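As structure tokens, the structure follows; a few thoughts come after it.
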Amino acid sequence: MKEFRDIELKWQKKWEKDKIFEAKDKGKKCYILEMFPYPSGFGLHLGHTFNYSIGDACARFKRAKGFNVFYPMGYDAFGLPAENAAIKEKIHPKKYTEQSIKNFIFQQKRLGLSYDWNRLIKTCDPSYYKWNQWLFLKFLEKNLAYRAKAPVNWCDNCGTVLANEQVEDGECWRCHNKVSVKQLEQWFLRITKYADELLKDVNKLNWDERIKIMQRNWIGRSEGVEIDFKLKNSDEKLKVFTTRPDTLWGVTFVVMAPENPKVAELVKGTKYEKELKYFIDKVVIEEKYERAAEEKEKEGLFTGRYAVNPVNGDVVPIYIANFVLLEYGTGAVMAVPAHDQRDFEFARKYKIPIKVVIKPKEYELDGEKMMRAYVDPGIVVNSDKLFNGMNNLEAIKEIIKYLEKNKTGKRAVHYKLRDWLISRQRYWGTPIPIVYCDKCGIVPADIPVLLPEDAEFSGKGNPLAKNEKFVHVKCPECDGNAKRETDTMDTFFDSSWYFLRYCDNKNEKKIFDARKIEKWMPVDQYIGGAEHAVLHLLYARFFVKAMRDMGMLKIDEPFTSLFNQGMINKNGARMSKSKGNIVDPMETIEKYGADTLRTYLLFMGDPGKTREWDDEGIEGVYRFLKKIYSFRNKTKSKSNIRDKIFESKLNKNIKEITSDIEEFKFNLAISKLMQLVNFIYNNKENISLGVFENSFRKILVVLSCFAPHISEELYEGGYVSLSKWPEVEEDKIDKNLEKEEEQIEKLIEDINHVAKLVKKEIKKCFVYVLPKEEKIYEDNIEDISRRTGFEMKIFSVADKEKYDPEGKSKKTKAGKPALYLE
RNA sequence: GCGGGGGUGCCGAAGUGGUCUAACGGGCUGGCUUGAGGUGCCAGUGGCUUAGUGCCUUCGCAGGUUCGAAUCCUGCCUCCCGCACCA
């Protein structure tokens with residue numbers, strides 16, 4: 001509809017001109033934030049549009065509720081797609097990105113989102129990324145950044161290394177190429193230093209439980225004990241980590257990770273050396289992620305060496321096996337086949353004895369005959385007399401104490417979380433501000449280290465490494481010849497603190513002013529997809545904690561509340577280009593307008609769940625908005641008999657809508673708005689103008705959360721976007737009236753029903769009602785008459801004899817009106 | 001395997017002890033509007049039956065609790081999403 005389009009453009013212009021969405025200084029602050037987008041060349045997709053429809057609804061709602069809303073937008077502008085476009089289409093990433101951002105801004109403005117555009121940031125802008133570099137050097141100074149050689153994930157397709165969080169099922173999270181493991185010297189951030197706090201503080205967050213569980217799983221804390229096993233015929237010790245010290249007496253072998261450097265030492269010069277080396281090479285070559293799969297056949301090899309169990313002196317063989325990982329724990333485990341399924345399978349395969357040390361209360365276990373490991377709680381047996389007979393969970397605590405007392409073991413906590421690898425062998429990112437000097441070693445570079453624009457995008461290797469002018473520098477310390485680091489930072493570095501920069505986005509002297517952070521942070525409501533559960537959301541939490549410890553800010557957590565939007569499918573499948581089931585937001589806006597698209601996205605269903613897009617479903621919302629728009633031509637009110645019932649419904653619905661919005665149940669809020677609008681529509685002649693106008697203003701304020709343009713157009717006296725949220729007038733909510741309303745609806749239904757059954761011409765309808773109800777029906781007689789198409793007459797049953805002596809009328813329902821059609 | 005969330009009418013989706021054939025929207029059928037199409041409006045949309053609102057059936061399946069269940073309990077089937085040899 002052209003009219004909607006014109007209205008939308010008109011108000012978008014006005015909002016911008018009058019700067020009505022800029023954050024103010026007055027009122028309680030409320031920071032609402034959507035995960036900022038990567039500006040791809042394809043423009044907004046439906047997921048973005050949905051994300052912003054939610055955020056904008058929140059922002060507008062909070063603004064109406066009197067909050068000083070801070071609602072910024074920016075662009076996560078560094079990243080691979082721009083560089084890949086450069087390789088493919090010979091367009092410079094900078095140009096590509098700038099064009100994309102321009103397009104994104106245009107499209108977002110076309111949606112009518114109420115951002116404070118003054119706060120705009122672009123991470124590829126030197127005024128932003130120089131603070132990345134500044135932060136990196138701070139991290140370096142505090143020993144939170146370090147360079148190390150380690151086995152790292154390499155994606156051949158992307159031509160770069162990846163962080164652990166960016167590998168999903170052994171595949172690159174971006175391109176789904178199989179990831180391989182390489183030994184490389186790279187830059188890491190010491191996120192593991194915060195593992196414990198990151199885990200503990202998850203409990204404080206008002207986040208979706210799913211995301212919290214994912215974070216807990218990812219951090220993967222396990223509490224246990226490190227136990228020293230002496231090596232037989234040696235003074236050396238082998239440290240193992242276990243969470244089950246209660247099974248220590250059941251150890252029948254020890255297993256080491258094949259690549260554990262200690263293995264080579266152990267077998268050096270023995271007859272096993274050659275065979276082991278062969279096996280180790282084979283295992284290590286296997287993809288790390290395949291090797292770690294549960295279904296993977298357990299394989300191992302005896303090393304020829306033995307270890308001594310410190311608690312009972314048992315001499316047990318040492319194996320290496322593919323299921324033991326070097327990165328976790330100590331890279332060596334004590335194996336208790338009776339009570340661990342992996343160990344059990346391994347023991348059966350290599351004919352190692354199985355010794356039961358925990359037994360269930362009800363029956364006995366036999367190591368020879370067991371079909372699988374017994375892993376449930378039970379009673380300690382066949383162990384030291386100090387512990388035999390104890391409940392095993394109790395025994396864990398006691399045995400740890402015992403080991404610590406005897407200095408053979410020590411309490412320990414291990415995490416699955418690894419340090420964050422941030423080096424990327426790509427051009428379009430923040431240069432890591434480091435210089436390598438032959439004399440001085442690793443030296444912080446003078447910042448900003450600007451990304452040189454002249455670069456060649458051949459698709460082979462990092463263009464920065466080939467840029468002689470960039471690489472060769474003087475050492476900032478000794479002025480001697482030195483080389484620059486040519487890797488850039490993982491773009492998740494950029495997004496780990498962007499929400500802080502919004503608070504002071506134009507500061508040239510500092511990363512931000514602490515007072516401004518204090519004013520706006522933390523983010524009160526963050527909105528985005530669940531795909532960042534253990535990526536961005538974990539990194540950002542880490543940054544805030546690290547920055548707090550560096551005295552830069554005072555908060556512990558960046559995002560107080562988090563809402564995860566669900567996916568939008570079409571034809572039962574996730575939208576994708578290959579399936580050809582993409583819904584283009586801009587095309588939809590062309591057809592129906594932004595208000596319709598936004599309202600429909602929120603009306604489709606629970607925004608937290610996966611929902612189904614329906615090309616025809618949007619029509620309903622479109623009709624709804626057109627219906628509201630038709631109210632601009634006010635109809636003359638003939639009577640005011642529906643005023644009270646309308647006001648009752650209005651207040652009841654607004655009350656419910658308010659809590660619906662607070663709980664992100666926009667679909668319910670919109671359906672209640674529809675009910676109100678339908679009621680007005682069906683009763684417009686029976687609602688007095690004063691009540692209509694007053695109520696309609698309230699409805700428009702509510703509607704403006706979803707369809708701001710049309711609300712603005714219909715609202716009189718100032719901006720609806722700056723209006724106060726309607727107060728609920730409790731005293732106007734009248735349950736009896738609602739009941740009467742229902743009665744009338746039922747009567748109309750009955751009349752229509754009967755009229756349909758009687759296959760003759762009907763003109764008149766006589767209704768006999770209880771004397772006390774006479775007035776209700778009498779008051780609504782015109783309405784009933786209009787809606788049934790019959791001439792109505794209402795009589796009291798008391799007078800029934802008089803008007804209906806033959807008893808032609810029949811009851812509609814027990815105690816309800818009787819009626820007679822003629 | 002573990003953890004979390006689901007399965008409601010032709011479809012999307014509300015509803016968590018009575019007001020439920022079940023909000024809201026879509027679709028479909030009939031009627032009106034219209035030169036036609038679109039739009040818009042009205043009515044209907046589980047079955048049977050009826051001057052009559054009565055009976056039966058229905059909220060994944062099967063049982064149970066209750067005067068009463070889509071809603072509570074038990075078992076099962078099924079879909080989705082996380083985690084998964086972590087010692």
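Order of the sequence lines fixes the chain letters, A, B, ..., with proteins taken first and strands second; residue numbering starts at 1 for each chain. The structure displayed is predicted, hence computed values, not measured ones.
Two residues, A:Ser671 and A:Arg210, neighbour RNA chain B, and the one matched to the more 5' nucleotide by heavy-atom proximity is A:Arg210. Remark on RNA chain B: of its neighbouring residues A:Lys609 and A:Gly329, the 5'-side contact belongs to A:Lys609, judged by nearest-heavy-atom nucleotide.
Remark: B:rG18 base-pairs with B:rC67. Criterion, Watson-Crick or G-U wobble with two distances under 3.5 Å. Base pairing annotation: B:rC83 forms a Watson-Crick or G-U wobble pair with B:rG1, both donor-acceptor distances under 3.5 Å. Both distances falling under 3.5 Å, in either a Watson-Crick or a G-U wobble arrangement, place B:rG44 opposite B:rC28. When Watson-Crick and G-U wobble pairs are counted only if both distances are under 3.5 Å, B:rU58 pairs with no nucleotide at all.
Comparing the P positions of B:rG64 and B:rA70 gives a spacing of 15 Å, expressed to the nearest Å. A gap of 36 Å separates the P atoms of B:rC41 and B:rC55, to the nearest Å. A distance of about 27 Å separates the C1' atoms of B:rC48 and B:rC42, rounded to the whole Å.
A ring-centre distance under 6.0 Å is found for A:Tyr600 and A:Trp613. Taking the six-membered ring for Trp and the full ring otherwise, the centers of A:Phe603 and A:Phe706 sit at least 6.0 Å from each other. A centroid separation of less than 6.0 Å is found between the aromatic rings of A:Phe323 and A:Phe346.
Under the 3.5 Å distance criterion, with hydrogens and angles disregarded, no donor-acceptor pair is assigned to the side chains of A:Asp314 and A:Asn309.
Contact annotation for A:Lys627: backbone-only contact, meaning every heavy-atom pair under 4.0 Å involves sugar-phosphate atoms and none involves a base. At the heavy-atom level, A:Gly617 lies under 4.0 Å from the strands shown only through sugar-phosphate atoms. At a threshold of 4.0 angstrom between heavy atoms, the contacts of A:Glu616 are confined to the sugar-phosphate backbone, with no base atom among them.
Proximity of A:Asn682 to the phosphate of B:rC42: a side-chain N or O atom is located under 4.0 Å from OP1 or OP2. Contact check, A:Asn667 against B:rG12: no side-chain N or O comes under 4.0 Å of OP1 or OP2. Contact between the side-chain N/O atoms of A:Lys672 and the OP1/OP2 oxygens of B:rA14 is not found at any separation under 4.0 Å.
Remark: P of B:rC83 and CD of A:Gln215 are 12 Å apart, rounded to the nearest angstrom. Across the protein-nucleic acid pair, A:Tyr600 atom OH and B:rG26 atom C1' stand 8 Å apart, rounded to whole Å. The distance from atom CD1 of A:Ile670 to atom C1' of B:rA13 is 13 Å, rounded to the nearest whole Å. Distance A:Asn569 CG to B:rC79 P: 17 Å, rounded to the nearest Å. In this structure, A:Tyr629 atom OH and B:rG40 atom P are separated by 16 Å, rounded to whole Å.
Within the 4.5 Å cutoff, no side-chain heavy atoms of A:Glu226 are placed close to those of A:Val240.
Nearest nucleotide to the side chain of A:Ser222, out of B:rU39, B:rA87, B:rA23: B:rA87.
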Practice item. Report the C-alpha separation of A:Lys298 and A:Asp343 in whole Å, then their side-chain angles, then the decisive distance to 0.1 Å, and conclude whether the side-chain contact (heavy atoms from CB on, under 4.5 Å) test is met. Key: CA-CA 9 Å; A:Lys298 281 144 198 61; A:Asp343 300 347; over 6 Å; no

